[in-house]
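Shown next, in structure tokens, is the structure this report addresses.
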Amino acid sequence: MLIRRRTLLAASAAATVASPAIAQNYPRRAVQLVVAFPPGGSTDVGARILAAMAEKDFGQPITVVNKAGAGGQIGFTEIARARPDGYTLGFLNLPGMNTITLDPERKAAFTIDSFIPIVNQVLDPGFIWAKGDSPYKTLADLVDAAKKNPGKISACTTGILSDDHLAILMVQEAAKCEFRIVHFDGGAQQLTGVLGGHVDVAFDNVGSVFKRVGTGEILGLAVTDTQRSKFLPQIPTTPELGMPSVISNSTRGVGAPKGTPADICKIVETAFLKAINSAEMKEKMDAVGLALKPMVGAEYAKYYADLQAQAKKYTEWALKMR
Amino acid sequence: MDALGHLLSGFAAALSLHYLLYAFAGCILGTLIGVLPGLGPAAGTAILIPLTFSLDPTGAIIMLSAIYYGAMYGGTITSVLINVPGEAASVVTCIDGHQMARQGRAGSALGIAAIGSFVGGTLATVALVVVAMPLATLALKFGPAEFFALMVAGLCLVVGLAGKNILAALLMTVIGLLLSLIGLDPVRGAPRFTFGVEELFDGIGFVPVVMGLFGVAELLLAAETRQTHMIQAELKSWMPTRQECKDCIGAILRGTGVGFVLGLIPGVGAIVPTFMAYVLEKRVSKTPERFGKGAIEGVASAETANNAYANAAMVPLLALGIPSSPTIAVLMGAFIINGIQPGPFLFAEQPKLVWTVIASFFVGNVLLLILNLPLVGLWAKLLKIPFSYMCAGVLIFCVIGAYGLKQSLFDVWVMLGFGIIGYLLRKLDFPIAPAILALILGPMMEKSLRTTLEISGGSFAIFLDRPVALVLLAIPVIVIGFLLFKPRSLAPLRESDVD
Amino acid sequence: MRQGRLIATGAMLVFCLFAIWQSLLLSLTDRLGPGPGFFPFWLALIGAVLAVALLITTFREAADPSVAETRILPHGDGGKRWLAIVVLLAAVTVAMEFVGFRIAMLAFNAVLVIALGERRWWVIAVFAILGSFGVYYVFTTWLDVLLPVSWFGF
């Protein structure tokens with residue numbers, strides 16, 4: 001009772017002042033892990049696995065809360081605005097988060113500095129796929145069709161200025177073609193859209209759909225990475241298909257709102273990193289097709305900062321289209 | 001595994017002790033909400049959402065579904081005993097049910113309502129098991145264009161209920177839709193109508209709005225007219241006689257059919273099936289003049305349709321992710337809060353949860369029957385709680401519910417504001433239901449329209465190419481047009497049927 | 001009633017016009033398709049047309065002499081109870097931020113039931129304590145729902 005009172009007191013009074021009393025007793029209650037994408041998408045799946053495993057060491061429940069919409073902006077805003085008391089953590093999806101801060105129309109209520117990157121979990125390569133009985137059997141088929149009918153072949157993303165949107169822009173630039181871009185809210189909507197025949201092709205990530213490639217439900221066209229995915233060894237990469245400039249992936253890690261005391265971040269990092277490095281995690285993530293890429297501290301911070309510069313270029317392309 | 005196999009394993013899970021307890025607690029709480037006047041299932045379910053925060057998703061959904069059924073059911077008791085419908089769905093029950101109570105046949109009325117609800121609910125759940133899977137597959141054909149058309153049709157069907165108040169209902173729909181757009185644009189992320197207020201970035205919370213419009217507004221209305229204690233109705237008979245049951249078999253079966261079919265169509269709401277089942281029963285009856293003077297078939301048909309509807313309305317929610325009524329919308333919010341996105345892939349991706357929940361629907365219907373028959377007297381006693389304590393108690397719950405979701409006092413202010421607005425709208429006879437439904441459907445509607453236009457490259461002609469969407473869009477145009485320009489020819493028909 | 005409806009419809013018309021103006025500040029349509037202002041603009045336009053139509057029909061309706069004009073705003077004894085609920089609810093919302101849920105609700109419960117006619121002090125006391133400290137205990141301890149706590153930790 002005493003501690004809860006203090007946490008709230010500290011949070012409402014002076015948000016950024018770190019009180020040692022807080023960290024010593026952290027965590028005293030359930031921690032919310034905000035996911036900026038809807039349930040069932042690959043960010044959500046990864047987050048739920050991580051939450052379930054990390055809470056064993058953590059000693060308190062870690063609750064995944066989905067705040068989907070606007071390519072993640074609603075959820076990221078939620079994380080940035082949360083009390084920096086360690087009881088709200090969130091998944092940072094890069095480069096989606098970067099591009100939001102770079103688009104002036106979105107009047108993002110956060111900047112890249114509104115978050116403290118704590119620990120990265122996943123690097124999920126981009127994946128281009130179509131319906132199982134699609135007329136486009138290869139990436140070349142698709143690109144040819146898009147060249148013949150500029151702006152007629154519809155390609156869907158998991159949100160505006162998401163990594164998938166950037167991947168479409170990269171393919172358009174590399175192949176000099178034009179797609180009709182449709183923005184969905186996440187992987188589940190993409191599935192409904194493409195399998196229902198409403199959209200021709202999805203730009204997605206390996207994790208969302210890799211299981212469905214095996215069932216013939218969907219047809220994999222390309223993985224946008226420098227090397228083949230271990231989950232889809234039969235699918236060629238974009239460099240193999242003559243588009244070396246099309247490299248797009250999504251990384252997902254855990255962060256906290258700016259102002260969260262460093263000792264709390266360290267507690268989170270320790271618990272989460274232990275979970276990420278465990279054999280059980282690898283087994284579970286393999287089952288859902290998500291490649292682990294643990295990064296912490298300086299490495300993650302550098303990656304986080306570097307990506308901002310890179311994302312700036314893509315975003316400017318996208319904005320030019322408007 | 002086929003549907004039956006899934007269902008059996010669902011039963012195994014649903015019958016485990018803790019889920020049984022959640023369902024039981026939900027039934028009791030729900031019936032309580034239904035019994036308390038002025039707290040319909042929508043407000044009741046919203047108020048009780050905080051209770052489920054600490055349960056696992058399956059348990060939370062089971063409990064909330066049980067609350068929902070209980071609430072749909074509990075309204076019957078007050079309708080029969082004191083002619084106060086706890087919620088819209090029980091309005092029709094009042095017509096004959098209260099007449100029966102006056103004749104000392106309250107037990108018969110309550111008994112047949114319980115039996116009818118049980119049969120209607122169970123048969124509708126059987127149909128749900130059979131239809132849900134095919135519907136879930138069919139749902140893939142529902143693209144953004146069809147979703148948009150479906151939502152327009154749903155909203156307009158609700159508007160169509162407003163009778164002569166049709167313009168006001170349309171206006172309320174638009175206001176509800178506009179309010180739902182506050183917050184970040186779901187496609188581009190640009191803030192809209194937020195005026196820099198951070199709390200508005202996430203949109204106006206649905207729960208505080210519903211608690212205001214239903215809970216607080218209802219209390220404000222009640223506070224104006226002196227309400228101290230409820231009248232004690234004497235219960236002479238506890239059970240319907242064998243002859244009465246026999247008379248009702250047809251009514252119960254027809255009520256199930258009407259309730260189930262209408263429950264599949266999103267946006268119909270609970271009052272339409274009960275009303276239509278009642279009208280149908282009166283038409284079929286050889287002695288239609290008894291209706292309105294204590295005809296047990298009238299009670300049976302309305303109550304059966306009510307519960308059949310409540311179960312069937314789960315089909316569009318589970319299979320399409322579409323809430324068909326304000327209560328289901330609250331329930332859907334609770335699903336999402338608990339990490340479950342209802343939609344076409346729910347059956348494929350979380351079969352265990354879905355089938356456990358469906359199995360718990362059966363269990364819930366049985367529990368309700370067991371609860372309702374012997375506990376009628378106890379429920380009635382609750383009405384003797386003095387109004388002052390009832391009022392304070394409901395307000396405590398409302399404050400907690402509004403605050404607890406986001407730990408935001410802003411939401412408590414939203415609740416109070418909408419309480420006053422709801423009071424004024426009720427006084428001025430502006431229908432609130434369309435605005436509530438619009439508030440829920442608004443973001444989905446905008447998103448599906450904009451996605452549709454992205455797919456078509458900005459051309460509205462896409463709606464002409466899609467027959468299902470076209471038909472769905474044509475329905476509301478015809479219905480609204482008919483109601484707007486021919487209200488006179490409809491009105492006498494309705495009145496004569498109810499009288 | 002008629003006057004009240006006219007005022008309410010007028011307010012909704014103003015709301016819709018305001019929404020039209022606000023939507024025009026956003027992009028309606030651009031190369032990427034319909035923009036953020038698209039849906040609200042058309043909705044608000046439809047709403048404004050509906051509001052005008054409703055204003056006209058309400059205005060034309062002759063006041064029905066058979067129906068007594070119902071008072072819209074609360075009045076008399078009922079009005080006092082009405083006002084008590086609204087004012088107390090506003091007060092408790094303000095108070096919770098400073099004195100926390102328990103103290104604020106304790107006072108709210110006591111004053112509300114007194115305002116609504118209860119006079120037995122011990123019933124009031126038991127109810128007020130159960131409805132504040134009791135509810136707080138149940139929700140924070142058993143249900144893990146956070147409720148406001150005061151600056152002084154109470």
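Computed from heavy atoms alone, side chains included, the values below leave out hydrogens, waters and symmetry copies. In what follows, every chain begins at residue 1, and chains take the letters A, B, ... in the order their sequences are listed.
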Is the closest side-chain heavy-atom distance between [X] and [Y] below 4.5 Å?
X	Y	value
C:Met96	B:Val399	yes
C:Leu116	B:Tyr389	no
C:Pro40	B:Glu446	yes
B:Trp413	C:Val94	yes

Side chain, backbone, both or neither: which part of [X] has a heavy atom under 4.5 Å from chain C?
X	result
B:Leu449	side chain
B:Leu181	side chain
B:Phe195	side chain

So how far is it from [X] [atom1] to [Y] [atom2], rounded to the nearest 0.5 Å?
X	Y	atom1	atom2	value
B:Leu395	C:Phe108	CG	CZ	4.5 Å
C:Leu25	B:Phe193	CG	CZ	9.0 Å
C:Ile46	B:Thr173	CD1	OG1	11.0 Å
B:Leu167	C:Thr58	CG	OG1	8.0 Å

Which atoms of [X] approach chain B - backbone, side chain, both or neither, heavy atom under 4.5 Å:
X	value
C:Thr57	side chain
C:Val113	both
C:Ala90	both
C:Met105	side chain
C:Leu112	side chain
C:Leu26	side chain
C:Val49	neither

Partner chain C: residue of B:Val174, B:Leu220, B:Leu177, B:Leu425 with the largest heavy-atom pair count (under 4.5 Å):
B:Leu220

Who wins among B:Ala168, B:Gly457, B:Gly442, B:Ser456 for the most heavy-atom pairs under 4.5 Å with chain C?
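Counting heavy-atom pairs under 4.5 Å, the top option is B:Ala168.
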
Go through the steps for B:Tyr403 and C:Thr93 under the test side chain to side chain contact (heavy atoms under 4.5 Å, CB included), then give the verdict.
CA-CA 10 Å; B:Tyr403 176 84; C:Thr93 313; over 6 Å; no

Nearest heavy-atom neighbours spanning [X] and [Y]:
X	Y	answer
B:Ala392	C:Asn109	CB-OD1, 4.3 Å
C:Pro148	B:Leu409	CG-CD2, 4.4 Å
C:Phe15	B:Leu179	CZ-CD2, 3.9 Å
B:Cys391	C:Ile85	SG-CD1, 3.5 Å
B:Asp429	C:Arg5	O-NH1, 3.3 Å
B:Ile175	C:Cys16	CD1-SG, 4.2 Å

Look only at the side chain of B:Arg450 and the backbone of C:Phe39, and say whether a donor-acceptor pair between them is shorter than 3.5 Å.
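Looks like no, no N/O pair under 3.5 Å.
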
Worked verdict on B:Ser388 versus C:Ile114 for side chain to side chain contact (heavy atoms under 4.5 Å, CB included)
CA-CA 8 Å; B:Ser388 48; C:Ile114 291 170; over 6 Å; no

